[in-house]
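One structure is given below, encoded as structure tokens.
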Amino acid sequence: MEYNFSEIETKWQGYWAARKTFAAQSNTIKPKYYVLDMFPYPSGAGLHVGHPLGYIASDIVSRYKRLQGFNVLHPMGYDAFGLPAEQYAIQTGQHPEVTTKDNIARYREQLDKIGFAYDWDREVRTSDPAYYKWTQWIFMQLFKCYYNTKTNKAEYIDGLIAEFATNGTANVNAACSEMMSFTAEEWNAKSAKEQQEILMNYRLAYQSFTMVNWCEALGTVLANDEVVNGVSERGGYPVERKPMRQWSLRITAYADRLLEGLERIDWSDALKEQQRNWIGRSEGAMVSFKLKDNEGAIEVFTTRPDTIFGVSFMVIAPEHELVAKITTPEQKEAVEAYVNIAKNRSERERMTEVKRVSGEFTGAYVEHPFTGAPIPVWIGDYVLAGYGTGAVMAVPAGDERDYAFAKHFNLPIPAILEGIDISEAANPTKDAKMINSDFLNGLTGYEAIKKAIEEIEKRGIGKGKVNFRLRDAGYSRQRYWGEPFPVVYDKEGTPHLLDENDLPVELPKVDSYKPSGSGESPLANAKDWVTNVEGFTRETDTMPGYAGSSWYFLRYMDPKNDTAFVGKDAVEYWRSVDLYLGGSEHAVGHLLYSRMWNKFLFDLGLVVEDEPFKKLINQGMIQGMSPYIDYYPEHDTFISVFADEEKKQLTGKSERVLTHLVWYGPLGLDSLDIEAFVNFYPQYKNSKFIKNSDDNRFDPTLVVEKMSKSRYNVVNPDVIIGQYGADTLRMYEMFLGPLEQSKPWNTNGISGVHNFLRKYWRLTHNEAGFNLSEDPATKEELKALHKTIKKIQDDIERFSFNTAVSSFMICVNELADLKCNKRAIIEPLTALLSPFAPHIAEEVWNKLGHTESVIEASFPMYNAEYTVSDAFAYPIQFNGKMKFNLEIPLGIDKEEIEKLVMADDKVQKQLAGAAPKKVIIVPGKIVNIVA
RNA sequence: GCCUAGGUGGUGGAACUGGUAGACACGCAGGACUUAAAAUCCUGUAUCCGUUGAGGAUGUACGGGUUCGACUCCCGUCCUGGGUACCA
């Protein structure tokens, strides 16, 4: 009887769906386990083979936890707002809601075919008004709150307002955009509008001016992804950076808690380190340099106040607010020209091209705060406006970039460290003793930092400060396909929240999804909607992609609740995500935002855990092979990648042409169909094509890249399922390599995995049908089984699914050799296999006579008796240090063990001819040789 | 540039804590069964030299180092993936 996977898989998928087998229980005394996948963005290309990698792994864990007796929550949903659907809408006029629904339907169909144990009754979609009602509601709470740094948590701003009215800012310690200071009288004298403006300085969701990529020609703000080499990707129009009034979230208020929380969660060190570096806490000092010949001062933040006597110039960012004010008339032209060039370069470019030194002298000077010496002020684009104060005190002796700048512009490089050569490069060491540094002379850098801060504070020219690299998160988008803000403006332009009863604020219908052209979002085109709140106009920006995804893990706990984003009972039972699986591309974006949202909701007492994701695994990305063909324009010739001899004849630069007209075999890419190619691209009608000399084929160059529709490298799981079945796909994706590693998709080994499943099937099936023996198992058979149980359990616990699949293969090979079809072995093996290949396991389980699903089984018990090997591996230690293992047969006495050990080459080599002082043998445990 | 991860046979990978490098699988070669094919099973398979019941040398991106012993630890270099704040 053949293994008919398609029949088996259809049958059991239908059974699971009809019985709601995987629904999480709500009234149970079982312990809970919440295992979550990062939900997908439903793209038009459909699900590709990369998506299931993490989903299969989490599915294995969820089924494994069920076998262990947990009440498992394993949900799935869709991150349904986003740019691609909107761009598609602009091109085709189709409402993004329609395309999104279609895409979701396709995803669902594909997901169902893989046999995931999802509780589909809990599905969420971020673009569903019933969902985004609560995204808007959480935004309202963020708007209504500020961060009290005394109690170290978010609180409602009414408390702050009352404090302002009675004591002013005197006793206020709150996270804010800029330090403010006023008395109660001053506060009370302000107009309502002025008061609202001041409160923006404190709110956790607030408005301010931030930079956007503005494309005049397209009349729209562009995402960084839409800007390539400084021009728009579409059309190649110039892009400038310009300030716009935008919403932001004050995530910086949570910087310390986001850092501290990392200590308490089970994430990889690499990921934690990335978050730490992103937050970028650094201790240092703010120092104020007085302007010469002008009012005011320039503030700098430095982590190295010890090097202050090495300052020979100052560099400020081209966007710095003082540039226009301090530039002297003689330098005006040059500075303006420089600012114009610099301001349109992206921060990325400015950081990448760090070796290309550029800058301009402003003509202005500041005074050194200790020596009073004049310090020239330059502008340079290596200083970023967004970090610190947008100004640095340049210490060329100690900082590489300052050094390069000084060398390039011939500025002095004062020596401040004893015995350190600075003729070739800067040296940032803190170990050397300070020289030429007045009161710091003779101290090391470490000592000098403290002393310098003391002195700076004493003289009132600055103070010690902790600075963060983390910036507040931009929260406005001038887009259609996102959550509308529950905000309206009065006639004075002051924003007000709508009433909670007005939620959800649904997206209005618009005629065009194109931007309005004035920089406003497409919502501004819906004139009736904008003005349909009496006396007010609506906010027309929408929320960013991360809004809905920052809290979706909470909604799964209680997805149908329409009186709260999550009910109290639900959140108290499910608490937080026990295991979160997703790609490392979300290391700092989504994973930081959702931690912040969760902490905020925790502060308001609405969730019970401060950290949302207890354990996190990053699965690697499955890459695609994009087919490019090599073209030599000088010869008007295309050449196959393997035609090496002919390639030598070709001169000039070659180009790579991306093409989808590669013959696509059932499982992947093959050679180019030249005829189809020239039909599709008539411009190459007369081009020459050089094929391989040996097999007369034309092969493309395959480039490993992220799988995406636009690169023609998406491989669909449906094809694999059709040919081999879902169980093979599941096991093969796990077999492909370590979960956390990225790897290009290939189907080279898939037949091996499929053969394994057939072998497992053949253990209990012959031509006639199901064939099971009720005889008791032999010791050898039990050994094969129990070795596997132990291995599989260990492997699941450490997420090593590829080695688990190998262990299954070894086990089945051994059982096949033993011709074992005994219930005593097959039954536990089937339960063991069910998380990996659930359909075939369910089928066999059913044939074994069980009426309940295999998920009602329990994980097989491992029995150590059957896994002891015939020989024991003795760890051999020298002087107590573990050195190596030696196989010693069982059942021999101490003396014989010693003889065997001493006769071993490695032991002899170790002793190098000398006799050991002592040989300690602990029977069955250890051999310790004291040399 | 910066942050982060990785680089092992023809291929995917294994080696979990410094202790026989290459488990398992693909591919390939040879064989059994078969009229034949498919399926299945058996044997071999890191490289080089030698051998055909003979062993030796080399070998985990590259160059150094620590250690009796290094894929594993340290220093440096090269290459690749991911992120870099409005893709998701």
Side-chain angles (χ1 to χ4, degrees), chain A residues 2 38-43 79 81-84 87 210 212-213 221-227 246 251 268-278 280 346-356 382 386 401 469-479 482 544-546 549 583-590 592-593 618 620-621 623 704-706 708 732 735-738 740-744 746-753 755-756 758-759 762 794-795 798 800 802-803 805-810 813 816 875-876 878 881-887 906-912 931:
Chain A
E2 275 298 292
M38 289 184 188
F39 62 170
Y41 173 77
S43 116
D79 187 12
F81 276 131
L83 211 42
Q87 272 163 352
T210 53
V212 296
N213 301 313
V221 176
L222 296 178
N224 288 343
D225 255 35
E226 300 174 294
V227 182
Q246 308 249 56
I251 190 171
S268 72
D269 290 337
L271 183 47
K272 288 185 188 177
E273 195 60 18
Q274 263 189 88
Q275 290 219 343
R276 275 189 208 108
N277 291 331
W278 185 261
S346 70
E347 287 194 3
R348 183 97 54 92
E349 274 179 289
R350 284 163 63 171
M351 285 186 283
T352 306
E353 293 167 15
V354 75
K355 285 189 176 130
R356 201 177 78 188
Y382 77 95
R401 289 163 308 173
R469 204 189 74 103
L470 182 72
R471 305 201 293 258
D472 281 343
Y475 199 72
S476 283
R477 300 291 182 266
Q478 290 70 44
R479 307 276 175 193
Y546 67 82
S549 63
S584 59
E585 67 268 29
H586 298 291
V588 286
H590 162 63
L592 212 52
Y593 296 135
N618 280 136
M621 202 172 257
Q623 293 137 326
V704 173
E705 290 176 318
K706 208 169 167 169
S708 80
Y732 181 60
F735 185 62
L736 210 49
E740 305 192 59
Q741 195 172 297
S742 287
K743 51 236 153 186
N746 75 75
T747 51
N748 292 343
I750 200 162
S751 61
V753 172
N755 279 342
F756 154 75
R758 295 167 52 146
K759 276 184 194 174
R762 282 202 308 271
D794 287 352
D795 284 343
R798 68 191 173 101
S800 178
N802 54 331
T803 55
V805 176
S806 293
S807 303
F808 274 121
M809 289 178 176
I810 294 168
N813 282 336
I876 308 289
F878 283 84
K881 228 171 115 187
M882 229 285 264
K883 301 293 182 179
F884 55 86
N885 292 310
L886 194 63
E887 291 257 313
K906 274 171 282 173
V907 175
Q908 282 303 314
K909 199 172 163 190
Q910 191 81 204
L911 291 166

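Just so it is clear: chains get the letters A, B, ... in the order the sequence lines come, proteins before strands, and each one is counted from 1.
- Between the CZ atom of A:R348 and the P atom of B:rC2 there is a distance of 15 Å, given to the nearest Å.
- Heavy atoms of A:A270 sit under 4.0 angstrom from primed sugar atoms or phosphate atoms, though from no base atom.
- Look at B:rG9: its glycosidic torsion is within 90° of 0, and that puts it in the syn range.
- Note on A:L470: a base of the nucleic acid sits closer than 4.0 angstrom, heavy atoms only.
- The interatomic distance linking A:N748 (CG) with B:rA25 (P) rounds to 16 Å, in whole Å.
- Pairing for B:rC41 is with B:rG31, a Watson-Crick or G-U wobble pair whose two hydrogen-bonding atom distances lie under 3.5 Å.
- In this structure, the side chain of A:K743 engages the main chain of A:P738 through a donor-acceptor pair within 3.5 Å.
- Counting non-hydrogen atoms under 4.0 angstrom, A:P40 reaches nothing in the nucleic acid.
- Here A:S549 lies out of heavy-atom contact (under 4.0 Å) with every strand.
- Comparing the same atom, C1', in B:rU84 and in B:rA23 gives a spacing of 39 Å after rounding to whole Å.
- The CG-P distance, from A:N618 to B:rC3, rounds to 19 Å in whole Å.
- Distance check on atom P: B:rC16 versus B:rG82 gives 28 Å, rounded to whole Å.
- The nucleotide B:rC73 finds its pairing partner in B:rG65, both defining distances of the Watson-Crick or G-U wobble pair being shorter than 3.5 Å.
- Among the protein residues, A:N755 comes within range of the sugar-phosphate backbone only, with heavy atoms under 4.0 Å from sugar or phosphate atoms but none that close to a base.
- Within the 4.0 angstrom heavy-atom criterion, base atoms lie near A:F735.
- Taking atom C1' on both nucleotides, B:rG10 is separated from B:rA29 by 13 Å, rounded to a whole Å.
- Whole-Å rounding puts the A:E585 CD to B:rA5 C1' distance at 13 Å.
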